[in-house]
Number of protein chains: 4
Amino acid sequence: MKKIKVGVVGGTGYTGVELLRLLLAHPQVELAAITSRSAAGQAVSSLFPSLRGCVDQVYVLPDLDVLATCDLVFYATPNGTAMQQVPDLLERGVRVIDLAADFRLKNEAEWDQWYGMAHACSELLREAVYGLPEVNRELIKTARLVANPGCYPTAVQLGLFPLLKNNLVDFNSLIADCKSGASGAGRQANVGMLFCETAESFKAYSVAGHRHLPEIKQGLSLLAGSEVDLTFVPHLTPMARGIHATLYANLTTEVDLQEVYERYYEQEYFVDVMPAGSTPETRSVRASNVCRMAVHQPQGGQRVVVLSVIDNLVKGAAGQAVHNMNIMFDLDESAGLSLAGLLP
Amino acid sequence: MKKIKVGVVGGTGYTGVELLRLLLAHPQVELAAITSRSAAGQAVSSLFPSLRGCVDQVYVLPDLDVLATCDLVFYATPNGTAMQQVPDLLERGVRVIDLAADFRLKNEAEWDQWYGMAHACSELLREAVYGLPEVNRELIKTARLVANPGCYPTAVQLGLFPLLKNNLVDFNSLIADCKSGASGAGRQANVGMLFCETAESFKAYSVAGHRHLPEIKQGLSLLAGSEVDLTFVPHLTPMARGIHATLYANLTTEVDLQEVYERYYEQEYFVDVMPAGSTPETRSVRASNVCRMAVHQPQGGQRVVVLSVIDNLVKGAAGQAVHNMNIMFDLDESAGLSLAGLLP
Amino acid sequence: MKKIKVGVVGGTGYTGVELLRLLLAHPQVELAAITSRSAAGQAVSSLFPSLRGCVDQVYVLPDLDVLATCDLVFYATPNGTAMQQVPDLLERGVRVIDLAADFRLKNEAEWDQWYGMAHACSELLREAVYGLPEVNRELIKTARLVANPGCYPTAVQLGLFPLLKNNLVDFNSLIADCKSGASGAGRQANVGMLFCETAESFKAYSVAGHRHLPEIKQGLSLLAGSEVDLTFVPHLTPMARGIHATLYANLTTEVDLQEVYERYYEQEYFVDVMPAGSTPETRSVRASNVCRMAVHQPQGGQRVVVLSVIDNLVKGAAGQAVHNMNIMFDLDESAGLSLAGLLP
Amino acid sequence: MKKIKVGVVGGTGYTGVELLRLLLAHPQVELAAITSRSAAGQAVSSLFPSLRGCVDQVYVLPDLDVLATCDLVFYATPNGTAMQQVPDLLERGVRVIDLAADFRLKNEAEWDQWYGMAHACSELLREAVYGLPEVNRELIKTARLVANPGCYPTAVQLGLFPLLKNNLVDFNSLIADCKSGASGAGRQANVGMLFCETAESFKAYSVAGHRHLPEIKQGLSLLAGSEVDLTFVPHLTPMARGIHATLYANLTTEVDLQEVYERYYEQEYFVDVMPAGSTPETRSVRASNVCRMAVHQPQGGQRVVVLSVIDNLVKGAAGQAVHNMNIMFDLDESAGLSLAGLLP
């Protein structure tokens, strides 16, 4: 079988190295180019000794002519980078998955506001397909440009969809109390993310407003068919990988929640609804592409509590990108993604 | 100045060793007896080498005659232990602070239900003073028996009091999403609390109902003057010390929340309301008796978010017990408790 | 291609679950039976939710008739268990890999002394092949019974072999200062391995004598061709996976150590000699079967320092067992073991 | 009693904030000035919320006239800073304790080589007293300038002194295998010290030569009375605080090592020799000024193994500086330093 020629732009961050790990193990992928402006000329394995023996490539500059030889290019770059190059790549017939936020919002003004810059190719915002396979599988198949969802938005949306789709809760009662491991902050020098600042401590951040808030609201509202409000409080927890979303909503009807959830996701390979009463651990999905969840109704009251966990670097980033690639290129959806979580 | 003769029953757990650390540094305390059934005859410092050079005592059996020579006895024992001995001690004129849950609930039936046994001296449930100094300072002064609050209840109640006292929120909209370090689970052999089960992972637990729920509701309802409902979801976070309570409620009125909080606690030595926009870290109170909090109103909406952090072993247990002792014996409230948090 | 029918005895510990993870991803393995006395009747995935969706089997009792239908049985049991059943299995034509210590020592008296019991089938000690592929590849191919090496012995022996084989150091000057993650202690309830006892702390243990000492000395002496002495000090470090061996020896000759090491291991798939000056991190081999090492001669002096890292659960246990299986059944040596390390 | 007027130069790093924590709790200290070039004008407690309520001072510039009003100035600055200002301060009659390395080495050429710059006041290298109270107590009493020892050198020297002083070992056989928590690397933005780079991993570093090597050799040689050689390999371990030194030497005589160690340190308040067979944990000295050690002779052989632990920020930095201050100003040696370690 012919392999897909793949380029990875920005291969020096945590999302990038995780993407390389997954692509190197994928049976139908040929890694044609790994680019980095800062590390150009260096061996990939010199930056990431974990890859010694698995990859012998050298970082190259993100040259358009090099990337244009690929079937698919992944962008694992900071926000605002992909949008500079994507229009040219699309024109040359290359398909693109952006793991950053450049194409996640439909509303240009909103994008400009939250990301603090003017969008460089806003005409593509409408075309870009939001790459959450569980809602957009059909559109992803033929997409030229996929906007890979953010980590928090993946955990939160998947956890709330069954409630909204079935109109079971008050759309103004939604709360997402989310906890993330430190890898979500990326691999930049930053006093606040030093081991000694992060270990043995827990805190909230960006309570006034986090960039993932408009992305979550957009996705929920679209699915619900009407405007949805949400209070979103992200927290930093002293671990490297994992997101745990604890989701609250007020029920407006009596229903068997367990059955609703199981039925909603029964066809999904990468969403696992646990038995009633369960509490998913983030480590149960470490290094795996699964979103694992459980639904609770404490004391049989009016409030529903959903617990939803993902590995932020896999289902929340690189794994979901590979899943999107599998769909775009008509491969088995689980190709390269079927490994069990790493425990302990 | 004459020192207070103090006994510590159950000095082999995390609460016990923290209590010993604080009492050993307290200028007006004489440690008369440290008891343990399992470790009787062993040097305290052989179990806890951190205390070598600070204490040369040996664990003794919790004999009533020994304890009766004390002015004050602390119980740092499992639930259901103190209630077996407390009536006799009180009769002998010894004052008692129970760090376990034996005297925290006023309603006997509720106690029996949540703790799974029949209370051994329910007649004392009414007399026992709930030892949250910020609400019960006057009663604590003369109390014979103080029920030291639970760790979650301390962080949650202190965080919500200003809202309830001033009638600012819908009493049915309260949510407490709480995160605790592993020391809250105690020092018992238990597969679930092994390093390899707890590190690099995050999970909720006891979603259906945690023993601290009735304690929190009792305290909130008492202060509010009417029945209060609450959804309480505790989580385990991979650190040893610290609780972070993220509290949600729906505002029913417009008000300057920052001012409400600062005013409410302006006289309190151990509650620190941070400036508007702050996000307290649990490590900022590590090893200190402070409850540090911040109040937010995201996007100026109708929902208030309070962030409240404590060290579960200090303000959530041993430190609060020493604070209660200081009040009971008319000492400076901060005696032995004025140290800054340990960072990093 | 016909798959190998495999049984796993003792599938509830960390070594067991790691072995399951690797075997489930192995293209030529059929998992015929997973046994556990304590968990018999329970779904494997109920104990390890990380395996939900990957395995739907139920733990069965370690019945000889069930195991006898396998081509190969792995024992991931406590020391002293495999030796009760292995003679019968061998007689029935089943090949065995024991991940515990039952068949690692050649000297029965020594085994009895260090493991505190009488060996149940000492006649097999001589036949058993010590499963370190880098030295015993040929013997492993035809072995009926393979004794999978201990975690410390793997890291230490691989690090010292090039020095001993080439007679470059004083055989009485060897020191192995080893640091292990907490998973080495297994998944048993044990106060000393609680998160709160292990996190944020570092200590040595078993300084007077650790069971891996005779195993290391036996392997080193065999390879060196004469008796070798060694001081071995194991330490516990606050992480789940990984062993770092820091090895010291006095050089007796001048030699290009980097070249010696690179040449010694140039044919080995799972030993990676890093460039001169490197310092391998344990995380670079997390979840991978590689032993990564670097050799130093500080200040050009007479002392050589070797740094050798493995994942104790993979190259130090389950991965090495799969490697042995691949050799025994004439598969590609890297089958099921080619994944890059997980970072971060 | 008149308080000592103290200045702290460089109060924004981990050593600085720990020094502030200790000085704020010291009964005989008045904090006259806390300086920082980068944070001048900001409240100290805004950088370190753990100090809210304990200090209301603002960082000021390190102005000579301000510092000259102090009795004692501590430098908690990067290497090369104190030497620019110390001569002027001494001239004005202010005593100085430098917690950096500016005055630790006696040999100027060696200093210039290891620290990569020319020393600014090498005439003071001879005068400066090396502030290890256990060897230099008398000199410290009257010193104008104290060079506070490095963290590794403290743990290593204290562990080896009894062997060298009593001439019990081969001076060319010494090995110091040391493990440090991440706070030793300071509070600077640095990719290598991010949580995700440091957690769940262990590695050696600076194997070719670490700046603490000449300091250790100088101290050991001075005490031994002849040149001492040492192989020193530092490692980074995933915790914030603590150093564990594992020390190896070849015995040249038969002796009761336990008795040698106990006698050597019997008068020392801050050195704790544990009972034979013990293995000190770093957490047993967390937040305390104690160096805790144990001496072993594995299998009764010729090799001695000493385990020596300290809190690198306390006995390895700020606590030892306060100890030196106590000696310089004729206070009780343990003033402000008598607290037990924090556990867990």
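Proteins come first, then strands; the chains are lettered A, B, ... in the order of their sequence lines, and each starts at number 1.
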**Proximity of Phe232(D) and His212(D) rings by center, below 6.0 Å** = no

**Request:** Among Glu281(C), Glu200(C), Met239(C), single out the residue with the greatest number of heavy-atom pairs under 4.5 Å to chain D.
**Result:** Glu200(C)

Chain C heavy atoms under 4.5 Å from [X]: which part of the residue, side chain, backbone, both or neither?
X         : value
Val207(D) : both
Leu213(D) : side chain
Tyr205(D) : backbone
Pro238(D) : both
Gln297(D) : neither

**Message:** Can you see whether Asn166(C) engages Tyr264(C) through a side-chain donor-acceptor pair at a distance of less than 3.5 angstrom?
**Reply:** no

Need one label for [X]: side chain, backbone, both or neither, based on atoms under 4.5 Å from any heavy atom in chain D.
X         : answer
Gln302(C) : neither
Arg286(C) : side chain
Asn172(C) : backbone

**Asked** Can you check side chain to side chain contact (heavy atoms under 4.5 Å, CB included) on Met274(D) and Arg292(D), steps first, answer last?
**Response** CA-CA 7 Å; Met274(D) 298 187 82; Arg292(D) 187 157 280 139; 3.6 Å; yes

**Request:** Pick out which of Lys315(C), Gln320(C), Glu215(C) makes a side chain to side chain donor-acceptor pair (under 3.5 Å) with Thr154(C).
**Result:** Gln320(C)

**Message:** I'd like to know if Glu110(C) and Lys217(C) make a salt bridge, using a cut-off of under 4.0 Å between side-chain N and carboxylate O.
**Reply:** no

**Request:** Tell me, with the steps shown, if Leu105(C) and Arg211(C) meet side chain to side chain contact (heavy atoms under 4.5 Å, CB included).
**Result:** CA-CA 10 Å; Leu105(C) 299 184; Arg211(C) 285 167 173 181; over 6 Å; no

Just give me the residue among [options] that pairs up with chain C most often, heavy atom to heavy atom, under 4.5 Å.
options                                    : value
Lys203(D), His296(D), Arg303(D)            : Arg303(D)
Pro344(D), Pro298(D), Ala204(D)            : Ala204(D)
Thr282(D), Asp229(D), Leu343(D), Asn250(D) : Thr282(D)

**Message:** Can you confirm whether Leu160(C) sits close enough to Ile216(C) that some side-chain heavy atom of one is under 4.5 Å from a side-chain heavy atom of the other?
**Reply:** no

**Message:** Measuring from atom CD1 of Ile243(C) to atom NE2 of His235(C), what distance do you get when rounded to the nearest 0.5 angstrom?
**Reply:** 13.0 Å

